[in-house]
Amino acid sequence: MSRTCPQCGGAGKVIKEPSITCGGPGGVGEEKKRSVKAPAGVDDGSGLRVAGEGEGGHSGGPSGDLYVFIAVREHAKFQRRDYDIHAEEAVSMTQAALGAEITIDTLNGPEPLRIPAGTRPGQVFRLRGKGVQFIDGNGRGDHFVHASVKIPTVLSDEQRQLLEQLAVVNGEETGDGRGVFGKVKDFFS
């Protein structure tokens, strides 16, 4: 019957006076800081392998590899979905109704965006190729802009009067209870 030597553990030699720092195996753990360049397009949970930067091998063997797992911090304005970027952009009530050209932020800096007349709240606009770069380097995702139409909460007298005139022209009732005919009567008097 054969078995491994209990003194040397199969190494073929016994350390008579083991070191106090390592206790005999011949290695001391040490922490090192390493800079790792993450390629464009990596996502949360992606892993990178750094060859030869892992734990040292047994009995003088080569070092293993270091595996780094990426945790991507969320952006205040942009939300990532695969390689696409989604962002909400404030559009005024008049810009949505009449149309306008606004400047929006993208990953690559400011970009013009044409808002067509009659834009509805929540309408989505697509900027092709302005999203996250594909990890293989061939192309980019898209940037989607979600229009958030802002309704003013405080109006000047002139703004209120203009909106009331628009309501009369459209045959709409407003919150003052006078109705369309009462407003038409006031308009001509």
Engineer: Tell me the closest heavy-atom pair linking A87 and F78, and the distance in Å.
Structural biologist: CB-CD2, 3.8 Å
Engineer: Side chains of E172 and L166, heavy atoms from C-beta outward: is any pair under 4.5 Å?
Structural biologist: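 Not in contact.
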Engineer: For Q123, which residues count as a side chain to side chain donor-acceptor pair (under 3.5 Å) partner, sequence neighbours excluded?
Structural biologist: none
Engineer: Would you list the pairs meeting ring-ring contact (aromatic ring centres under 6.0 Å, His included) in which at least one residue belongs to residues 85-105, sequence neighbours left out?
Structural biologist: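 Every ring-ring contact (aromatic ring centres under 6.0 Å, His included) pair that includes a residue of residues 85-105, provided the two are not neighbours, is H86-F144, H86-H146.
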Engineer: What pairs with S35 under side chain to side chain donor-acceptor pair (under 3.5 Å), at least two apart in sequence or on another chain?
Structural biologist: none
Engineer: Which residues satisfy the side-chain contact (heavy atoms from CB on, under 4.5 Å) test with E74, sequence neighbours excluded?
Structural biologist: none
Engineer: Could you give all pairs that pass the salt bridge (Lys or Arg N to Asp or Glu O under 4.0 Å) test and reach residues 132-141, with sequence neighbours left out?
Structural biologist: none
Engineer: In chain order, what residues pass the salt bridge (charged side-chain N to carboxylate O under 4.0 Å, His left out) check against K77, with sequence neighbours excluded?
Structural biologist: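 Testing K77 for salt bridge (charged side-chain N to carboxylate O under 4.0 Å, His left out), a comparison that skips the adjacent residues, returns E89, D105.
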Engineer: According to ring-ring contact (aromatic ring centres under 6.0 Å, His included), does anything in residues 108-136 pair up with another residue at least two apart or in another chain? List the pairs.
Structural biologist: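 Matches after skipping sequence neighbours: Y83-F134.
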Engineer: Indicate the atoms forming the closest heavy-atom contact of D43 with V72, along with that distance.
Structural biologist: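 Where D43 meets V72 most closely, the heavy atoms are C-CG2, 3.7 Å.
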Engineer: Between I85 and V132, is there a side-chain heavy-atom distance shorter than 4.5 Å?
Structural biologist: yes
Engineer: Is there a side-chain contact between L155 and L163, using heavy atoms and a 4.5 Å cut-off?
Structural biologist: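 Yes, close enough: below the 4.5 Å cut-off.
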Engineer: Side-chain donor-acceptor pairs under 3.5 Å in residues 108-122, sequence neighbours left out?
Structural biologist:
from	atom 1	to	atom 2	distance (Å)
E111	OE2	K130	NZ	3.3
R114	NH1	A100	O	2.9
T119	OG1	P116	O	2.6

Engineer: Residues two or more places apart in sequence or in another chain: which of them pass side chain to side chain donor-acceptor pair (under 3.5 Å) with Q79?
Structural biologist: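 Not a single residue meets the side chain to side chain donor-acceptor pair (under 3.5 Å) criterion with Q79.
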Engineer: Between L162 and V149, is there shared hydrophobic-cluster membership here, with clusters defined by ILVMFWY side-chain heavy atoms closer than 4.5 Å?
Structural biologist: no
Engineer: With a 3.5 Å distance limit and no angle check, can you tell me whether D84 reaches the backbone of H143 through a side-chain donor-acceptor pair?
Structural biologist: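 Absent.
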Engineer: According to salt bridge (charged side-chain N to carboxylate O under 4.0 Å, His left out), who are the partners of R49, at least two apart in sequence or on a separate chain?
Structural biologist: D65
Engineer: Could you note down all residue pairs passing ring-ring contact (aromatic ring centres under 6.0 Å, His included) where residues 87-118 supplies at least one of them, sequence neighbours left out?
Structural biologist: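 Listed once each, the pairs would be none.
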Engineer: Which pair of non-hydrogen atoms, one from S63 and one from G52, has the smallest distance, and what is that distance?
Structural biologist: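 Closest approach of S63 to G52: CB-O, 3.6 Å.
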Engineer: Just checking N170: does its CG atom have more than 12 heavy atoms from other residues, nucleotides or ligands closer to it than 6.0 angstrom?
Structural biologist: yes
Engineer: Calculate, to the nearest 0.5 Å, the distance between atoms CD and OG1 belonging to E101 and T103 respectively.
Structural biologist: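 Reported value, rounded in 0.5 Å steps: 7.0 Å.
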Engineer: Would you call I104 and L127 a side-chain contact if the rule is heavy atoms closer than 4.5 Å?
Structural biologist: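 Yes, side chains in contact.
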Engineer: Hydrophobic clusters here meaning ILVMFWY residues chained together by side-chain heavy-atom distances under 4.5 Å, can you tell me if Y67 and V50 are in one?
Structural biologist: no
Engineer: Test of understanding: clusters of I, L, V, M, F, W, Y form through side-chain heavy atoms closer than 4.5 Å, transitively. Do L107 and I102 belong to the same one?
Structural biologist: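 No; I102 is not reachable from L107 via cluster members.
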Engineer: Give a yes or no on whether E158 atom CD has more than 12 heavy-atom contacts from other residues, nucleotides or ligands under 6.0 Å away.
Structural biologist: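 Incorrect, the count does not exceed 12.
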Engineer: When you measure from the side chain of D142 to the backbone N and O of G129, does any donor-acceptor pair fall under 3.5 Å?
Structural biologist: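 Yes, because the side chain of D142 sits within donor-acceptor range (under 3.5 Å) of the backbone of G129.
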Engineer: What are the two closest non-hydrogen atoms of L48 and A38, and how far apart are they?
Structural biologist: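 That closest heavy-atom pairing would be CD1-CA, 4.1 Å.
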Engineer: Could you tell me which residues satisfy side chain to side chain donor-acceptor pair (under 3.5 Å) with S92, sequence neighbours excluded, listed by chain and number?
Structural biologist: T94, Q95
